[in-house]
Amino acid sequence: MITNHNPEINPKAFLRMITIIYGALLVGQTLFAVVVYSIAINPVLNLKPVNDIFFYLVPVFVIAMGFTGSLLYKKRIENARGAATVKEKIAGYQTAVITRLAPSEGATLFAIVIFMQGWNLYYLAIAALNIIYFLVLRPSRAKIEEDLNLSYDEKVQI
């Protein structure tokens with residue numbers, strides 16, 4: 001028998017929970033980059049793509065994942081706005097945020113793994129730029145209220 005184990009989302013604790021999720025994703029990719037850089041053997045910045053398909057593939061992938069995450073986020077937010085209750089809206093927002101952050105994080109991890117293959121700092125720089133983009137995506141109370149078009153009564157509940 002399959003049961004639903006999704007706990008009720010408490011609107012008051014929601015902001016703290018989404019901040020923890022965001023922080024964990026941010027710290028994970030940042031620590032991975034730092035650890036990989038610290039074990040790098042003679043890292044070098046090589047901007048000449050000699051038979052290196054990843055030289056073009058990594059930045060295109062990072063940009064594509066940014067657009068994908070934003071597109072998925074917008075679709076999920078539209079669905080969340082139509083929810084009847086604040087709990088349903090914030091549950092939809094949580095899903096939207098995770099759906100937006102996951103592709104970006106995946107692209108960063110991909111860039112770091114490619115850095116590990118030849119120790120070319122170009123890929124680590126792309127990962128660092130994507131982490132900076134990730135910082136811009138940080139969820140906040142103001143963004144939640146704006147993105148969900150919350151009424152005054154709904155804002156008070158969060």
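In what follows, every heavy atom counts, from backbone to side chain, and hydrogens, waters and symmetry copies are set aside.
- The heavy-atom pair separating Phe115 from Asn120 by the smallest distance is CD1-O, 3.0 Å.
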Would Ile98 and Tyr93 count as a side-chain contact (heavy atoms from CB on, under 4.5 Å) here? Give the steps. CA-CA 9 Å; Ile98 293 170; Tyr93 185 82; over 6 Å; no

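- By the 30° and 60° cut-offs, the orientation of the rings of Tyr22 relative to Phe134 is parallel.
- Residues Leu121 and Val44 are not in side-chain contact: their nearest non-hydrogen atoms beyond the backbone lie 4.5 Å or more apart.
- Ile112 approaches Gln29 most closely through the heavy-atom pair CD1-O, 3.8 Å.
- Note: Arg138 CZ to Leu26 CG = 10.0 Å, rounded to the nearest 0.5 Å.
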Can you list the steps and then say if Lys89 with Arg81 is a side-chain contact (heavy atoms from CB on, under 4.5 Å)? CA-CA 6 Å; Lys89 287 182 179 184; Arg81 283 181 186 155; 5.9 Å; no

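- Residue Met17 holds its CE atom at 10.0 Å from OG1 of Thr19, rounded to the nearest 0.5 Å.
- Ion pairing of Arg141 with Glu145 is present here, as a side-chain N (NZ or NE/NH1/NH2) and a carboxylate O approach within less than 4.0 Å.
- Checking side-chain atoms of Thr30 against main-chain N and O of Val27 turns up no donor-acceptor pair under 3.5 Å.
- Panel note: side chain Glu105, backbone Ala102; no donor-acceptor pair is recorded below 3.5 Å.
- Other residues, nucleotides and ligands contribute over 12 non-hydrogen atoms within 6.0 Å of the CZ atom of Arg100.
- The hydrophobic cluster containing Phe110 does not contain Leu101, counting ILVMFWY residues as joined when their side-chain heavy atoms lie under 4.5 angstrom apart, directly or transitively.
- Between atom OG1 of residue Thr85 and atom CD of residue Gln157 there is a gap of 8.5 Å, rounded to the nearest 0.5 Å.
- Leu57 is connected to Ile126 through a chain of hydrophobic side-chain contacts under 4.5 Å among Ile, Leu, Val, Met, Phe, Trp and Tyr, so both are in one cluster.
- Aromatic ring pairs are classed by plane angle as parallel below 30°, tilted from 30° to 60° and perpendicular above 60°; the pair Phe55 and Tyr122 is parallel.
- Around CD of Gln117, the count of heavy atoms belonging to other residues, nucleotides or ligands within 6.0 Å exceeds 12.
- The OG1 atom of Thr108 lies 10.5 Å from the CG atom of Leu25; values are rounded to the nearest 0.5 Å.
- In the hydrophobic clustering of this structure, Tyr56 groups with Val113; members are Ile, Leu, Val, Met, Phe, Trp, Tyr whose side-chain heavy atoms approach within less than 4.5 Å, directly or through other members.
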Test Ile158 against Ile144 for side-chain contact (heavy atoms from CB on, under 4.5 Å), laying out the working first. CA-CA 10 Å; Ile158 294 182; Ile144 294 167; 4.3 Å; yes

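- More than 12 heavy-atom neighbours from other residues, nucleotides or ligands sit within 6.0 angstrom of NZ on Lys143.
- The two residues Ile21 and Gln94 have their closest heavy-atom pair at CD1-NE2, 3.7 Å.
- The OG atom of Ser140 sits 11.5 Å away from the CD1 atom of Ile18 when rounded to the nearest 0.5 Å.
- Heavy atoms of other residues, nucleotides or ligands lying less than 6.0 angstrom from CD1 of Ile53 number 12 at most.
- Residues Val58 and Leu109 share a hydrophobic cluster, clusters being chains of Ile/Leu/Val/Met/Phe/Trp/Tyr side chains in contact below 4.5 Å.
- For Lys155, the NZ atom counts as densely surrounded, since its 6.0 Å shell holds more than 12 non-hydrogen atoms of other residues, nucleotides or ligands.
- Looking at every heavy atom in both residues, Ala127 comes nearest to Ala111 through CB-CB, 3.9 Å.
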Candidate pair Leu129 and Tyr133, rule side-chain contact (heavy atoms from CB on, under 4.5 Å), full reasoning: CA-CA 6 Å; Leu129 289 173; Tyr133 168 69; over 6 Å; no

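- Atom-to-atom distance recorded for Ile63:CD1 and Ser104:OG is 11.5 Å, nearest 0.5 angstrom.
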side-chain hydrogen bond (donor to acceptor under 3.5 Å, both in side chains) between Asp52 and Tyr123, worked out: CA-CA 12 Å; Asp52 185 6; Tyr123 301 113; 2.4 Å; yes

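- Here the options are Thr99, Thr95, Asp147, the test is side chain to side chain donor-acceptor pair (under 3.5 Å), and the partner is Tyr73; only Asp147 passes.
- For Tyr37, the OH atom sits in a loose shell: 12 or fewer heavy atoms of surrounding residues, nucleotides or ligands are nearer than 6.0 Å.
- Hydrophobic cluster membership differs between Ile20 and Val97, with clusters built from Ile, Leu, Val, Met, Phe, Trp and Tyr side chains linked at under 4.5 angstrom.
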